[in-house]
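Just so you know, these numbers use all the heavy atoms, side chains as well, and skip hydrogens, waters and symmetry mates. Naming convention: chains lettered A, B, ... in sequence-line order (proteins, then strands); numbering from 1 in each chain.
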Number of protein chains: 2
Amino acid sequence: MSERTPTIHDVAARCGVNASTVSRAFSRPERVSPATRDRIHAIAAEMGYRPNAIARALPSGRTRTLGLLVPDITNPFFLDLIRGAERAAAAAGYTLVLADTEETSQQETTVVERLTGAVDGFVLASSRASDQRLREVHAKTRVVVVNRRVRPLPGVLIDSALGTRQAAEHLASLGHRRIAYLAGPRASWSDARRWRTLQALARHRDLEVVRIGPLAPTVEAGKAAADSAVLDDVTAVVTFNDLLAIGVLRRLRDRGIDVPGQISVVGCDDIFGADFCHPSLTTLAAPIESAGRSAVDLLLGLLGYDGPDRPRPDDTEDVVLPTSLTIRESTGPAPGRARGRSPRQRAATDRGTAKAVGASR
Amino acid sequence: MSERTPTIHDVAARCGVNASTVSRAFSRPERVSPATRDRIHAIAAEMGYRPNAIARALPSGRTRTLGLLVPDITNPFFLDLIRGAERAAAAAGYTLVLADTEETSQQETTVVERLTGAVDGFVLASSRASDQRLREVHAKTRVVVVNRRVRPLPGVLIDSALGTRQAAEHLASLGHRRIAYLAGPRASWSDARRWRTLQALARHRDLEVVRIGPLAPTVEAGKAAADSAVLDDVTAVVTFNDLLAIGVLRRLRDRGIDVPGQISVVGCDDIFGADFCHPSLTTLAAPIESAGRSAVDLLLGLLGYDGPDRPRPDDTEDVVLPTSLTIRESTGPAPGRARGRSPRQRAATDRGTAKAVGASR
DNA sequence: ATGAAAGCGCTAACAT
DNA sequence: ATGTTAGCGCTTTCAT
């Protein structure tokens, strides 16, 4: 008894046609006469025939599979990204391979090497690799980067410039004059951009901004940085991401420092949890899921254009997605001081009063 | 200029050996003399040779790829599961394919069909398919289920019986006598088990438990169910998962009902966010990441045993992982009443006092 | 519109 | 220990 799964040859035999006709009936139905096509499909279904994806990929070189590399699955930010990517891939009938690069460029390289050939292209999210390295990857395979601008690689960027500006103006209008920025990883494009925006605004709006970091984008790092912020005597903190902000919130709460009574906190991304932490987080909402979806769509586009003659576009427009400020409970008026007061004048008095004032909320 | 990526034949030619020797040098190094093996490796490296995973999979039938199917990537519970699975897979040099079945058995079937042959086996997490269907899958390929007990499929179960018992006793000792259980999806194995444990304990400890549900395991469903719980006049709520619990917390807060002053809440899973919601959630911590890892390890074990002669074990021991109670801020003494008082006696007086009492916390 | 034939890059008996 | 020889299941020219 032949219990193996049927192949095109089995189907062909039963239909009295050549195997290549069966192949065509599935991959290029329009090149088979309607009559035989229908008969083949019917018999194939009856026999329980399933095209073998691997065998299909070998001669064609197309696997209908995409690789998604993230630096840290642990980070809920990437949960949203994965979700968007998975949906876009599934919608196009593509399979998604997920890999964690553990924040290292080395691991990223290893995975790309291993997967090259097994996937039609990559989405590299928040890549930790050098521009140089990314260009090498780009030379060998189809790739889209997220949260990086590396010419000429196509990319999806979440641009927080507008949001950052809104955040700063929000804080300024609440009377804050001295603000800390908790910076993200050194290589982050968005981090650099946000910091620049903040500095520009500081000049314009008579704000002082101090930079704390670079920091790992985690809750734990946020806790530690909260102490630095307190020491730096700011009335508001803007963070690279929500994880940091949540860490700040927790640390300040442990120290009995009231948010937003004494310190206001603005996060970034609006990840799962930003709306139910305490106090709920004012944050720069980022369209993370859209970013994931856009990245896959962009990649799919590249794959589609991938005719044998048509050359790959040498410089693609990046997709830029904006953030916008979502105001919740973690921001409020600067602690009872005259609005125009210079930050310098009060530095000394603030330290150590935290606990006492904390109770007054 | 030959710009194609080198194959074993190219390497073989340069080494002056046969292609099969090159193949062996990579897949079964021990069957090649150290000298030639080293030379082959050296030259291959120099030429930039990379084994082609697809070509490798075709004759061998082994793809070194695993499929992980989850009903809803959106749910952070699965984030932890994915993480564990990805790590275990990566550690074994396996690639993980991720798919969302969108809570439907139909989608699950489609994906399994499509991926069969392209992966060496599946991890089906919280499958929505029928037992019957799962057995069919089991007959065709290697598969491990998570959160389902379907004989004879190997499975990983998170058993909350002990934890549920602890939770109920925790509440009983705090003076709660009437408790609501917010049930999860109808087909959930753990839900049924938890409910049974609760009922058994209720008899034993003189508790009344009311069941609300089945409910979708989401924050939104939790909000709606919170109102039912209030109407049912309970002093404590135990939920199927943390998402429901967080929904309850938010709804009660919106209604001005104090937690745990008026109502205590116990969640389940200890997902990301359970520790920083407000109040922080007392919950049955589940080793979700371990479950993901165990499932992959179990599957890998099955694959390893998969010799041509050795028959697949017909009935495997399930891996059972226990939960345990993590006490945080969302549980406290039952609202000021004599501990032994019968639940019946007070029903009428409670309604509507919520707001007033809420302020007293 | 369909058939014949040659691989895709590799593995796996079977020889030697 | 290494070479020979068939394929794995499918796609893809090239014929007809």
Side-chain angles (χ1 to χ4, degrees), chain A residues 2 4-41 43-44 47-65 114-120 306-308, chain B residues 2 4-41 43-44 47-65 114-118 120 306-309:
Chain A
S2 86
R4 23 177 283 286
T5 145
T7 73
I8 44 173
H9 293 98
D10 302 323
V11 177
R14 288 270 240 106
C15 293
V17 298
N18 190 278
S20 56
T21 306
V22 178
S23 171
R24 282 190 203 99
F26 285 97
S27 25
R28 289 164 148 60
E30 72 283 1
R31 294 200 190 171
V32 172
S33 83
T36 49
R37 185 211 307 143
D38 292 349
R39 206 161 42 94
I40 290 172
H41 283 166
I43 294 188
M47 295 176 73
Y49 166 75
R50 306 258 146 226
N52 178 322
I54 301 290
R56 205 168 227 197
L58 189 50
S60 70
R62 312 187 63 252
T63 60
R64 296 188 76 78
T65 296
R114 205 162 61 77
L115 255 33
T116 297
V119 301
D120 291 343
D306 205 352
Chain B
S2 89
R4 28 177 279 289
T5 145
T7 73
I8 45 172
H9 294 98
D10 302 324
V11 177
R14 287 270 241 104
C15 292
V17 298
N18 190 278
S20 58
T21 306
V22 178
S23 171
R24 282 190 204 99
F26 285 98
S27 24
R28 288 162 148 60
E30 72 283 2
R31 294 198 189 171
V32 172
S33 83
T36 48
R37 185 211 307 144
D38 293 347
R39 206 160 45 92
I40 290 172
H41 284 167
I43 295 188
M47 295 175 73
Y49 166 74
R50 304 264 148 223
N52 178 322
I54 301 290
R56 207 168 224 196
L58 190 49
S60 70
R62 311 186 65 251
T63 59
R64 294 190 76 78
T65 296
R114 205 163 60 77
L115 254 34
T116 297
D120 291 343
D306 207 350
D309 26 44

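- Taking every side-chain heavy atom of B:T7 into account, C:dG9 is the closest of D:dG9, C:dG9, D:dT11.
- If you measure from atom CZ of A:R31 to atom P of D:dT11, you get 13 Å, rounded to the nearest angstrom.
- Candidate nucleotides C:dC10, D:dA1, C:dT11 were compared by shortest atom distance to the side chain of B:S23, and C:dT11 ranks first.
- In this structure, the separation between OG1 on A:T7 and OH on A:Y49 is 7.5 Å, given to the nearest 0.5 Å.
- Neither OP1 nor OP2 of C:dC8 sits under 4.0 Å from any side-chain N or O of A:S60.
- For A:N18, a side-chain nitrogen or oxygen approaches OP1 or OP2 of C:dA4 to under 4.0 Å.
- Rounded to a whole Å, the CG atom of A:D38 is 11 Å from the P atom of C:dT2.
- Between the side chain of B:T63 and the backbone N or O of B:A118 there is at least one donor-acceptor pair closer than 3.5 Å.
- Across C:dC10, D:dT11, D:dT13, the shortest atom-to-atom separation from the side chain of B:H9 is found for C:dC10.
- Nucleic acid contact class of A:Y49 (heavy atoms, under 4.0 Å, all strands): sugar-phosphate only.
- Between the C1' atom of C:dC10 and the CZ atom of B:R62 lies a distance of 15 Å, rounded to the nearest Å.
- A straight line from CD1 of A:I54 to P of C:dG9 spans 15 Å, rounded to a whole angstrom.
- Between B:E30 atom CD and D:dA1 atom P there is a gap of 10 Å when expressed in whole angstrom units.
- Not a single donor-acceptor pair, N or O on each side, falls under 3.5 Å between the base of C:dG9 and the side chain of B:R50.
- Atom CG in A:D10 sits about 10 Å away from atom C1' in D:dG9, given to the nearest Å.
- At least one side-chain nitrogen or oxygen of B:T36 sits closer than 4.0 Å to the OP1 or OP2 atom of D:dT2.
- Atoms CZ and CZ, on B:R62 and B:R56 in that order, are 10.5 Å from each other to the nearest 0.5 Å.
- Rounded to the nearest 0.5 Å, atoms SG (B:C15) and CE (B:M47) are 8.0 Å apart.
- At distances below 3.5 Å, at least one donor-acceptor pair connects side-chain atoms of B:R37 with backbone N or O atoms of B:P29.
- Each of A:S27 and B:V17 was assigned the nucleotide of DNA chain D with the nearest heavy atom; the assignment lying further toward the 5' end belongs to B:V17.
- In this structure, of C:dT2, D:dG3, D:dT11, it is D:dG3 that holds the atom nearest to the side chain of B:T21.
- Across the protein-nucleic acid pair, A:N52 atom CG and C:dC8 atom C1' stand 13 Å apart, rounded to whole Å.
- For the pair A:R28 and D:dT12, the criterion of a side-chain N or O lying under 4.0 Å from OP1 or OP2 is met.
- Atom CG of B:N52 sits about 10.0 Å away from atom CD1 of B:I8, to the nearest 0.5 Å.
- Considering only the side chain of A:R56, D:dT11 comes nearest among C:dG3, D:dT11, D:dC8.
- Here B:S20 does not reach the OP1 or OP2 of D:dT5: none of its side-chain N or O atoms lies under 4.0 Å away.
- With distances taken from any side-chain atom of B:L58 to the nucleotides D:dC10, D:dT11, D:dC8, the minimum falls on D:dC8.
- In this structure, CZ of B:R24 is placed 10 Å from C1' of C:dT11, rounded to the nearest angstrom.
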